[in-house]
Structure formats: C-alpha cells, structure tokens
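Beneath this line is the structure, given in structure tokens, with notes to follow.
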Amino acid sequence: MARWLRGAALTAAAVLVAGCSGATDSGKGESAASASAVPSPSAVPAQKLDWGRCEATSEGPAPGGDWRCATLKVPLDWSKPDGETIGLALIRSEATGDRSERLGALLFNFGGPGGSGVSTMPSYAGLTSELHKRYDLVSWDPRGVGGSEGVRCRSDKEIQAAESVDATPDDAAEETAFFDDAASFGAGCERAAGKLLSHVSTADTARDMDLIRRAVGDRKMHYFGISYGTELGGVYAHLFPGNVGRLVLDAVVDPTADTVGHAKNQTLGFQRALDNYLASTGQDPKKGTRKIADLLERIDADPLPTTSGRELTQTLAITGIVLPLYSEQSWPGLTSALDAAEDGDGTELLALADGYNERDPSGRYGTTTHSQRVISCLDQKQRPTPQETKTLLPEFRKLSPVFGEFLGWDTAGWCHDWPVPGLTDSPEVSAPGADPVLVVGNTGDPATPYEGAEKMARELGEDVGVMLTWKGEGHGAYASGSSCVDSTVNAYLLAGRVPKDGKICT
C-alpha cells in the first residue's frame, strides 16, 4: 500500500526510470494560538552547529564538494522543552558568491511526508545554482525520517510479501487480508518508533524548523517547500507569522482537505494527468482510460509474469502507472510499459513500481513510505471505517476507473487500527501579518492538483498568499522547463520582488 504524495525526489525518480549561530528572538514571531498551547521554540537555548564531513547513509554515498552535515538537538515532546531530546540530521552548502551579498540560509523540504532532505539536497542543488550564489542551501531529515530517528516498520522480506495483498479487495477474504496487513504495519511502526510515534506531527516539525532558523543564524525564515513541504511551510507560517521571510510553496497540498478530500483530490489529479498523457499519444482519453482499466482487471484476475520471476499484481501495476505521471519526460516509458503489459509481459510496469517503492535490484526497500505513514497518520484525525469506505467507492470509481478504487480503499486502510489517534481534520495555515508567501500551482500536477494551490493562497490570508500559475505538466513547477516560473521565483527569493497576485506562466 502506498499513498501517492511525494515531492522532488520522486519526480527525479520518474525521470531516471525513463556555522554560525547566535540569532535570537523573543518569541514574538510565534502566533498567539500556538504560544498558548505549546512553549515557544525560543524557550530552547540557541545551539552552535558543528558542521563536519557528511557520512554515507542508507539512501546513498556521502556527497562530495563542500557539503557539510551537523546534528541539531530538539525536544522529543515540544510541550516539555526541557525534557528528552532527539537529533535532527542537517546538511548545508555555503553560498557560492561574494559573502557580502549573502542573504542567509534557504531551507528546503522536498515532500513526502517522509522524504530525506539530507540525501536529496545535493542532487537538487544543480537546479538552484542561481539561488546558491546568495543563499546557503540547507535541508534536513525531519523527525522520524532517515538520519533523524528514522522509522522502519517492516523488513524487506515482509515488504515484498505484503505486495501480494490486494489493495482493491474483491471479496471478504481479500478485505480481511487488506485490513490485517494495515494493522500489522501500524503495529510494526509502534514497535520501531515507540514514544516517538506521538511526536512526529507536522506542527512538531514546524517548531523544529524555527530552531533550525536560529541555529543557522537567521532572523527570518527563508524556505522552499515542495509537495508535502508546502503544508509544512503553511503550518510554519501560521505558527510563526512574524518570522516568515521569503517562502516559496510549489506543488501545493490543499490545506482544507481531510483524509477523504485528499483522496478525491488525488483521484482527480492523476486521472487528469492520465487524460493529458493519453491525449498526447493521440488517444481519446475516455477510451484510453477504459482500455487501461480493462487491463488492470485482467491483471487482478491473472497477474503477469516478469523476467525477474516476480509477478506483476494489479496493485503493483497501478503503482507502475502512477510513477511516470509525475513527470512528462517519463510518458514515453509509460507507453512502452503499457504496450508490453498488453502483450502479457509485466517487466516494465514492475520496474516502474519498484522505482516508486524504492526497491533496488538486490531487493532492499527504502523507508520513505514508512515515515510518510507515521507522520500522516498522526496528523490526520479522520479515520473512515471499512463500511464508510465502501459507500464512497462508487463515487471514487466515477472520478477515475483506473485510480479511484485504489485511493478509495486507501482512505480506510492507510491508518486502519493505528496505535495513536490523529490530531486534526486539516492543518491551520492562516498567517495574518506574515510577509508575502509565493504559492506556485501547476495546472497539470497529478499528485497535488492545482486547486490546492488556490486554496492555500486563500487560506494564508489577504496580502499573504500570492498566487503564481504555470500551465504545465508534472509534479511541481520550478525547474521544470518554464523560464517564466524560474525567473519569477528567483526574483522573489533573490531580490524580494513579489509578483502580481494571479500571474500566469504558459
């Protein structure tokens, strides 16, 4: 089972498959609502980071060049700022230009939730060379991720075994297996994470971000959030409106949606992307969708063989279709994989699914999905029951014959029998008094549909959320081929030039 919300790292995967401290503040940057509930991060003493050579991680080899890593200590429980601490893994490359023109640190979150900033930042830096001249590029593994108390809920053997579970159950036996598997995953997360499981919320991480801001010596937070990173940025702006500097939110999550709302948004988004893909190949989108849905039904009844000896199940086939929709550059690979599947060979679709599931040729899986589930199930209060989900399925199937049933069942399965309760139906992102925040929406985004960007800009508040639209394809807009988007974002981050609200790039 995998929920389809990632960020820059997954978009890159889709393409590949085809110090100083000492800054202080009085806490006045924090909103009254947050201050009344949890002590301000300003109550935690500022830390001097010990930047040193980065080590290799399970995500990849150590980065070369001038990349340096450090560990920041943060409270495990923000309601007890003097209590137990955990370590956050950080990575930084100092600004490459004249030090007299340095603007500070630009903090990146690449999405997920659950994506590793430490492993992604060096590979993403090549797309931000103009920004790098005047900003230190900084990212981190949020709590529960990678080098920051990362959570692994299952062994590789258990993950592969779970791939045989049908995520769109057709009978009582398959339903039982589906929900038993979900409960087993949650139990594994509880064993792995322990008390951390109750302290990995987006609000916890937003407070961690304010400690990062102070540790790198900045008075204001300059931030670039992608995909889930936009939700995190919105929550930060709500909690600390007075500390908002230049914030860019790209591939924007709808902050008004609950669990079912997010699933419907993604169903619409991926079907929209599939329609655009089919049209690009000269097919009628409705007929092409029906053809793919029929193929998936056949695979459900009779999984396809692959050259690896593993079978391509319906669930893996759907995941394989999803990955190339994140990037228009990967659409030709989707065509080849679908053609091969129609001829009875599931090898290419399985390779695409493995790319999404972070499975390497040796059979080892990444843990992004583990962290993603741990974080989102703490964030999301709504827990549809199996029966409630069944009543929703006809609507989901109508939205998309290809993706609807999978995402419909996911509303009940993702956090089924989760060990800790969820916190909110939807995040609060209103940020009255904050400096302007640039919200970038892509009309062809499959994972975070464009409408979410419009809602984020509105929820941030008048004179705060500034909308920039790109009429493009793929997940995200910056560094995706639009000189208009790139120049507008760069001008905002480098010169503080806020574009006219509603600007459109074609």
Handout entry: Side-chain donor-acceptor contact under 3.5 Å, S400 with T267
Key = no
Practice task
May I ask you to decide whether R102 forms a salt bridge with E94, counting only side-chain N to carboxylate O separations under 4.0 Å?
Solution key: no
Exercise for the section: State plainly whether the residues R213 and D210 are in salt-bridge range, i.e. N to O under 4.0 Å. Expected result: yes
Practice task
Say whether, by atom type as modelled, one donor and one acceptor occur between the side chain of S116 and the main chain of S119 under 3.5 angstrom.
Solution key: yes
Practice task
Answer whether the closest heavy-atom distance between the side chains of W331 and E473 falls below 4.5 Å.
Solution key: yes
Problem - Min side-chain heavy-atom separation S139-T120 under 4.5 Å - result: no
Problem - Sub-4.5 Å side-chain heavy-atom contact between F396 and T389 - result: no
Practice task
Would you check if N109 and W140 make a side-chain contact, meaning some heavy-atom pair closer than 4.5 Å?
Solution key: yes
Handout entry: Test of ring centre spacing under 6.0 Å for F110 and Y124
Key = yes
Practice task
Could I get the full list of side-chain contact (heavy atoms from CB on, under 4.5 Å) partners for T289, not counting sequence neighbours?
Solution key: Q271, L274, D275, L278, P401, V402
Handout entry: Heavy-atom side-chain contact between D208 and W78 under 4.5 Å
Key = yes
Handout entry: pair E451-L268: side-chain heavy atoms closer than 4.5 Å
Key = no
Problem - Contact check, side chains of S426 and D258, non-hydrogen atoms, under 4.5 Å - result: no
Problem - Partner of R143 under side chain to side chain contact (heavy atoms under 4.5 Å, CB included), chosen from T205, V374, V151 - result: T205
Handout entry: side-chain contact (heavy atoms from CB on, under 4.5 Å) assessment of V253 paired with M456
Key = CA-CA 8 Å; V253 175; M456 176 68 81; 5.6 Å; no
Practice task
Could you tell me whether the side chain of I375 reaches within less than 4.5 Å of the side chain of Y228, counting heavy atoms only?
Solution key: yes
Handout entry: Residue list, side-chain contact (heavy atoms from CB on, under 4.5 Å) with S482, at least two apart or on another chain
Key = W470, C484, V485, C505
